[in-house]
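All remarks here apply to the structure that follows.
Atom set for the values below is all heavy atoms of this structure, side chains included, hydrogens, waters and symmetry mates excluded. The structure presented is a predicted model; accordingly, all values stated were derived computationally and were not measured.
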Amino acid sequence: MTKVAIYARFSSDLQRDASIEDQIRECEARAKREGWLVVDCYTDHAISGASMNRPGIQSLLRDAAEGKFEVVLAEALDRLSRDQGDTAHLHKRLKFLGIQIATLSEGDIGIVDVGLKGLMNELYLVEMKQKVLRGQRGRVEAGKITAGLAYGYKVVKKFGSDGKPVAGEREILPEQAEIVRRVFTDYAAGKSPRSIARQLNDEGVRSPSGKGWHPSTIYGNPKRGLGLINCELYRGKIVWNRTTEVKEPGTNRRIVRLNPEEEHIVADAEHLRIISDELWEAAKERQARTSNGSQKLHQKRRPKYLLSGLMRCGECGGGFSKANHGRYGCSSRRNGRHCNNDIYIHQNDLEGAVVGGLKARLFQPELLSVFCEEYTQHINKLYADKNKEVNRIRAEIARLERARKRCIEAITSGVPGIEVKDEMIAIREERLALEAKLANSEEAPMRLHPKMAAHYQKHIEQLLAALNDENHKHEAQEALRGLVDKIVLTPNAERNGLVIDLHGDLAGILAVAETKPETQRRCREMSPIGNTVLKVVGPAGLEPATRPL
């Protein structure tokens, strides 16, 4: 008896579960007339046939690969798919598995049916999309909302004269409307989205998502009309057709593309106005000024700050950036994320602490000489240890090669090959194993030359010269970045100051310098803030062993 699987689907435009039952009942009647055995039914409820990402059709395909049935029966070919490419692929896949597609309306499906019906089904999708867009445009021009619910409004449930619900009606929520006006006013006055979001979170104001306010909630995406200060509904305007969604072939992933401004449809909705045109224009003017100048401002400030980009918070690992009035603070905390590091440090104090420590500890020739000598020896020892295993494998391969050559010489000297055959096989197998191991072994880089001190001497001289010249901050920044990887700022035990840890190639020479009492005394005298401690941290395993000066 032929085994058959029934597939039924209704799309979101029908919204009727009984349609599934009707399809299955008719298919079961057809199977009974044909004498087929129904082994399973696969269904998809309220899912469009434009995509194959449906649980029911995917289950059917998995069971088809396992050979659970010989025929797939559906009401019509468009129940399986409305996309021409997906229909052809489905037919080809089932045909490869030896499974026939049959429908109540078209009968047995062949190549001609796939081509013609697939094209008709796809044209139906195009026509349906055009009808939906036409209907949405009509609703927009009538002052109705076709998008989701914006912050500051609530959905109004109304029914038309025919008793059907009227969609797209909104009403202003006074308490949320007051927050919208406040956000626009603060932003137009020069307050940043970050500080606005932080203040709203501190006051416990519920955000649109319910997960807390974030700068992007306010600023959003101006081109797509996302974010509070970009929602034109607040000034009594409904803007439709900003974007178009297209599906990426193969993945069916939806891609959003911006439409030209001349294709936007704008309708008046004065009854939904929350802010005045003057406030809207003030906010947009400030947004345009900030957007146009942000890149230039960033480039202008970049060489100005000596430690920009090097600082990290010791508690959360986030950045440490300029806050206000020349002070640095944890970026994560200021962005509303969880971090307990609430200590701020002035730019002059931070740069003074770091530069003062560097001057006191680095710019002493005897310390530089000791560091470079010890650093070179230590690094070379690490490299030698890492390469020891590689060198051992190479020596073993060389030994086996010599043994192989001796066996060959013995054979050429008259020794029967049968007597050295086993030894030759053993040598070959051992050599192949060693060569495979060598191929997976990474050799450490070339050892440091003893004259590497000149490299550090050059870096330090550049840094010292630039730090003493206010007109060469670019050079100071580059020289400092060549020696320091990052600067970590962590609150001290009393939480009234910061511990400053320097990470990078400076670690070794700073550690050597700290063994000298005179250097420690000079560091204390040059430190500009009493509650700031300057320490050093080197890369794991690379701290050089020190010796008495």
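The CG atom of Asp86 sits 10.0 Å away from the CD1 atom of Ile57 when rounded to the nearest 0.5 Å. Remark: Ile345 CD1 to Leu350 CG distance equals 4.5 Å, nearest 0.5 Å. Arg327 CZ to Asn348 CG: the interatomic distance, rounded to the nearest 0.5 Å, is 13.0 Å. Within the model, atoms CG of Asp202 and CG of Leu200 stand 9.0 Å from one another, a figure rounded to the nearest 0.5 Å. Here Met311 contributes atom CE and Leu489 contributes atom CG; the two are 7.0 Å apart, rounded to the nearest 0.5 Å. To the nearest 0.5 angstrom, Leu173 atom CG is 12.0 Å from Ile179 atom CD1.
Closest approach of Gly318 to Ser332, counting heavy atoms only: CA-OG, 3.9 Å. Here the closest heavy-atom approach between residue Pro215 and residue Arg194 is recorded as CG-CA, 3.7 Å. The shortest non-hydrogen separation linking Phe184 to Leu279 is CB-CD2, 3.7 Å. Among all heavy-atom pairs drawn from Tyr187 and Gln287, the shortest one is OH-CA, 3.2 Å. Among all heavy-atom pairs drawn from Tyr219 and Ile229, the shortest one is CD1-CD1, 3.9 Å. Taking both residues in full, the closest heavy atoms of Asp277 and Arg273 are given as OD1-NH1, 3.0 Å, listed atom of the first, atom of the second, then distance.
Judged by distance alone, with hydrogens and angles left aside, the side-chain atoms of Thr87 form a donor-acceptor pair with the main-chain N or O of Asp83 at under 3.5 Å. Distance alone, capped at 3.5 Å, is enough to place a donor-acceptor pair between the Asn221 side chain and the Lys223 backbone. Between the side chain of Asn259 and the backbone N or O of Asn241 there is at least one donor-acceptor pair closer than 3.5 Å. Although no hydrogens or angles enter the test, the distance criterion places no donor-acceptor pair under 3.5 Å between the side chain of Glu171 and the main chain of Val155. Side chain of Tyr153 to main chain of Leu272: a donor-acceptor pair is present (N/O by atom type, distance under 3.5 Å, no hydrogens or angles). A donor-acceptor pair under 3.5 Å links the side-chain atoms of Asn230 to the main chain of Leu226, judged by distance alone. A distance-only check finds a donor-acceptor pair linking the side chain of Arg181 to the backbone of Ile274 [under 3.5 Å]. In this structure, the side chain of Asp44 engages the main chain of Gly56 through a donor-acceptor pair within 3.5 Å. Arg9 places no side-chain N or O within 3.5 Å of a backbone atom of His45 that could act as its donor or acceptor partner.
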key: Ser81 and Met52: CA distance, side-chain angles, deciding distance, side-chain contact (heavy atoms from CB on, under 4.5 Å) verdict   = CA-CA 7 Å; Ser81 176; Met52 291 294 287; 4.3 Å; yes
task = Would you sort out whether Leu90 and Leu61 count as a side-chain contact (heavy atoms from CB on, under 4.5 Å), showing the intermediate values?
result = CA-CA 9 Å; Leu90 178 64; Leu61 291 174; 3.4 Å; yes
inquiry  = Using the rule given for side chain to side chain donor-acceptor pair (under 3.5 Å), can you reason through Ser195 versus Arg198, listing the C-alpha separation, both sets of side-chain angles and the distance that settles it, and then say yes or no?
reply    = CA-CA 5 Å; Ser195 59; Arg198 184 179 183 86; over 6 Å; no
Worked check of side-chain contact (heavy atoms from CB on, under 4.5 Å) between Lys211 and Arg206 = CA-CA 8 Å; Lys211 299 179 181 179; Arg206 183 177 176 82; over 6 Å; no
request  = Determine, step by step, whether Tyr328 and Lys322 satisfy the side-chain contact (heavy atoms from CB on, under 4.5 Å) criterion, reporting the C-alpha distance in whole Å, the side-chain angles of both residues, the deciding distance to 0.1 Å, and the verdict.
outcome  = CA-CA 4 Å; Tyr328 285 104; Lys322 208 71 172 289; 3.9 Å; yes
inquiry  = Run Gln176 and Lys154 through side chain to side chain donor-acceptor pair (under 3.5 Å) and show every step you take.
reply    = CA-CA 10 Å; Gln176 291 186 3; Lys154 67 176 182 179; over 6 Å; no
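Within the 4.5 Å cutoff, the side chain of Val239 has no heavy atoms near those of the Ile265 side chain. Two residues are said to be in side-chain contact when any heavy atoms from C-beta on lie closer than 4.5 Å; Val488 and Ile500 fail this criterion. Looking at heavy atoms from C-beta onward, Arg62 lies in side-chain contact with Gln58 at the 4.5 angstrom threshold. Annotation: side chain of Arg170 is not in contact with side chain of Val156 (no heavy-atom distance under 4.5 Å). Inter-residue side-chain proximity for Asn341 and Phe320 is flagged as met; some heavy-atom pair is nearer than 4.5 Å.
For CZ of Arg495, the number of neighbouring non-hydrogen atoms (other residues, nucleotides, ligands) closer than 6.0 Å is greater than 12.
Using a cutoff of 4.0 Å between basic side-chain nitrogens and carboxylate oxygens, Arg235 and Glu232 are scored as salt-bridged. Using a 4.0 Å cut-off between charged nitrogen and carboxylate oxygen, Arg182 and Glu203 count as a salt-bridge pair.
Annotation: cation-pi geometry not satisfied between Arg79 and Tyr7 (NZ/CZ under 6.0 angstrom from ring centroid, within 45° of ring axis).
The side-chain hydrogen bond (donor to acceptor under 3.5 Å, both in side chains) search around Arg334 returns Ser321, not counting sequence neighbours.
Annotation: Tyr151 is in aromatic contact with Trp213 [ring centroid separation under 6.0 Å].
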